[in-house]
Amino acid sequence: EGGLATLDVLVIGMLSLVAFELVLRALRGYVASYTGARLDAAVGREVLERLLRLPYRSFERMPAARLLERLRQLDQLRSFLTGNLPLFLVDLAFVGLFLGALFLLNGTLGLVTLAALPLFALLSWLGHRRQARHLLLHRRRVVDKNTTVWEAVANALTVKALGIEPEIERRFRAPLYETAWSGLRAGTTAQLTASLAQALQHLTAVLLVYFGARMVIAGELSIGGLVAASILAARALAPARQLFFAWPQLQQMREAWGRVDALLREGGEAEPRLERNVEGLRLQGHLRLEGVTFRYGEDRPPAIDDVTLDIEAGRLFALAGPPGSGKSTLARLLAGLVTPEKGRVLVDGHDLAQLPPSFYRRQIGVVPQELQLFSGTIAENIALGSEHCPHARVVAAARFVGLHEFVQRLPEGYETRLGERGAGLSAGQKQLVCIARALVRNPRILLLDEATSALDQETERLLVHNLKRAASGRTVILITHRPQLLAMCDRVAVLGEGRLVGVGSPATMIELLERRRAAQLHAAG
Ligand SMILES: Nc1ncnc2c1ncn2[C@@H]1O[C@H](COP(=O)(O)OP(=O)(O)O)[C@@H](O)[C@H]1O
Ligand SMILES: [Mg+2]
């Protein structure tokens, strides 16, 4: 009698639960897509914002493929958080409820069921440990694979011209094999532990029936009670099992998040707190290095070694020296893209470390040695970084650098679309676009790092001549090898192995360079 009543109550309870679950699942679908989309937008934006605020060196150290792989893992985290986790949490609450009901019904059967939980935990932990090694290898090889593809596409010209497709394929094959293999191992381990867990659940059910049936025979439990106990145990065990196996997944996601977070927290460029407002400050463009030392790694020799140098405002200043002597590094220091290990970089007497980077960079135009263009029109590329730049200014800048004639002859003129990284222009034209971009913001300080190297001598000479003419009130720093350009500058500094070997008039410095080159040739035999 009592047993049947228990069963009735239970079945009614279960039916309402099934209905409840149905609603819950429907809701989950909606919640998952909605919050997923919201989260995507928010997290995506936050990640990009923080990413872009990292100092330049962080980018150099971070392979793009690894970053993308971490972001992909974050995506997984997102879908887990919005997809399965909420349901798991609801289930977990019910696990407690069902177990409690089971204990009320019969203590022994409750204990049998409860005993399965630590076994699930152990199994999940063991499985996770076995899997972790494979997963780590898997992720690393995915990154290698993507890097290979990435580089091959970016350097397609070299790949095709040198016919090194087989080499690229070879580089791709090893990680390809290893990703497949480690993925397989991780997958089989996961499947094995899942099957074991399922078996454990069934075993518990069998034990429950065994003990229950003995109690029924002994008259300690009604048949209805036994059936009710089985139902309760099944409802408690299934979600508990799932939860334990979701745990490692969550753990992995947490690791991924931790790594992305560590990267993003590496410290963005600090906007220093200022003693006074600099927004009104108009720079003259006097640059000074005081005992500046910089190295790219603690175990590297200094790329710039105790350099003290004055660059007067409003002058055309040149920086020369053999490859690897530290010219580009010095340019980065002057642009505030890297910070000195020792010494200070001063602009008009203000330490760069004390000036907000955003403020300083608005007043400086930099053309790096590696040309960097973006997909978009020519006009967009020139105006990039100068807000509300009128078209006339774009044209003026193009005219100034000698690009206008060429652009005009294009059917779509300034609206000609460039491909990825400025594809569709010659190297020299790309350089001109980059210089025009630096000029259009009317910078106090203009820094050209071998930015005219792809131009013919006459175009180059004309450009520098124009720069000199327009230099009034503008500091122009020119990094170049060409004596002809050095001769046009007001002052020349020569670097050698990171040290300043001379500053002076163009004539004396050109002589110094020649002497050093001759000595080098002599030493090389
Ligand atoms: N991103 C970098 N990471 C590590 N070392 C670098 C990096 N850039 C330059 N270096 C090293 O710093 C030294 C100076 O390089 P750089 O300033 O580019 O010379 P230059 O422009 O005069 O040719 C070189 O020995 C070079 O190997
Ligand atoms: Mg260089």
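Note that ligands are numbered from 1 as they come in the structure, with each ligand's atoms numbered from 1 the same way.
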Handout entry: Of the listed options Phe294, Tyr296, Tyr56, closest to atom 2 (C) of ligand 1 (non-hydrogen atoms)
Key = Tyr296
Handout entry: Identity and distance of the protein heavy atom lying nearest atom 18 (O) of ligand 1
Key = Ser328 CB, 3.6 Å
Exercise for the section: Could you see which bit of His481 sits under 4.0 Å from ligand 1, with heavy atoms only: side chain, backbone, both or neither? Expected result: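 His481 to ligand 1: no contact under 4.0 Å from either part.
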Exercise for the section: Heavy-atom distances under 4.0 Å are what count here, so tell me which part of Lys327 touches ligand 1: side chain, backbone, both or neither. Expected result: both
Problem - Contact atoms of ligand 1, heavy-atom distance to Thr329 under 4.0 Å - result: 14 (C), 15 (O), 16 (P), 17 (O)
Handout entry: Spatial distance of atom OG1 (Thr508) from atom CZ (Arg491) [nearest 0.5 Å]
Key = 8.5 Å
Problem - Of all pairs that satisfy salt bridge (charged side-chain N to carboxylate O under 4.0 Å, His left out), the ones with a partner from residues 287-298, not counting sequence neighbours - result: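 Non-adjacent pairs meeting salt bridge (charged side-chain N to carboxylate O under 4.0 Å, His left out): Arg288-Glu290, Arg288-Asp310, Glu290-Arg344, Arg295-Glu341.
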Handout entry: Non-hydrogen atom of Gly321 closer than 4.0 Å to ligand 1
Key =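 Distance cut 4.0 Å: Gly321 fails for ligand 1.
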Exercise for the section: Answer with yes or no whether Arg300 contacts ligand 1, where contact means a heavy atom under 4.0 Å from a ligand atom. Expected result: yes
Handout entry: From Val464, Leu316, Val492, residue fulfilling side-chain contact (heavy atoms from CB on, under 4.5 Å) relative to Leu485
Key = Val464
Problem - Any non-hydrogen protein atom less than 4.0 Å away from atom 26 (C) of ligand 1 - result: no
Exercise for the section: Can you check the number of protein N/O/S atoms within less than 2.8 Å of the Mg ion (ligand 2)? Expected result: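 Protein N, O or S neighbours of the Mg ion (ligand 2) under 2.8 Å, waters not counted, come to 2.
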Practice task
Go through the steps for Gln131 and Arg185 under the test side chain to side chain contact (heavy atoms under 4.5 Å, CB included), then give the verdict.
Solution key: CA-CA 8 Å; Gln131 229 186 331; Arg185 291 306 280 281; over 6 Å; no
Practice task
Give the minimum heavy-atom separation between Leu334 and Leu447, together with the two atoms involved.
Solution key: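 So the minimum-distance heavy-atom pair works out to CB-CD1, 4.0 Å.
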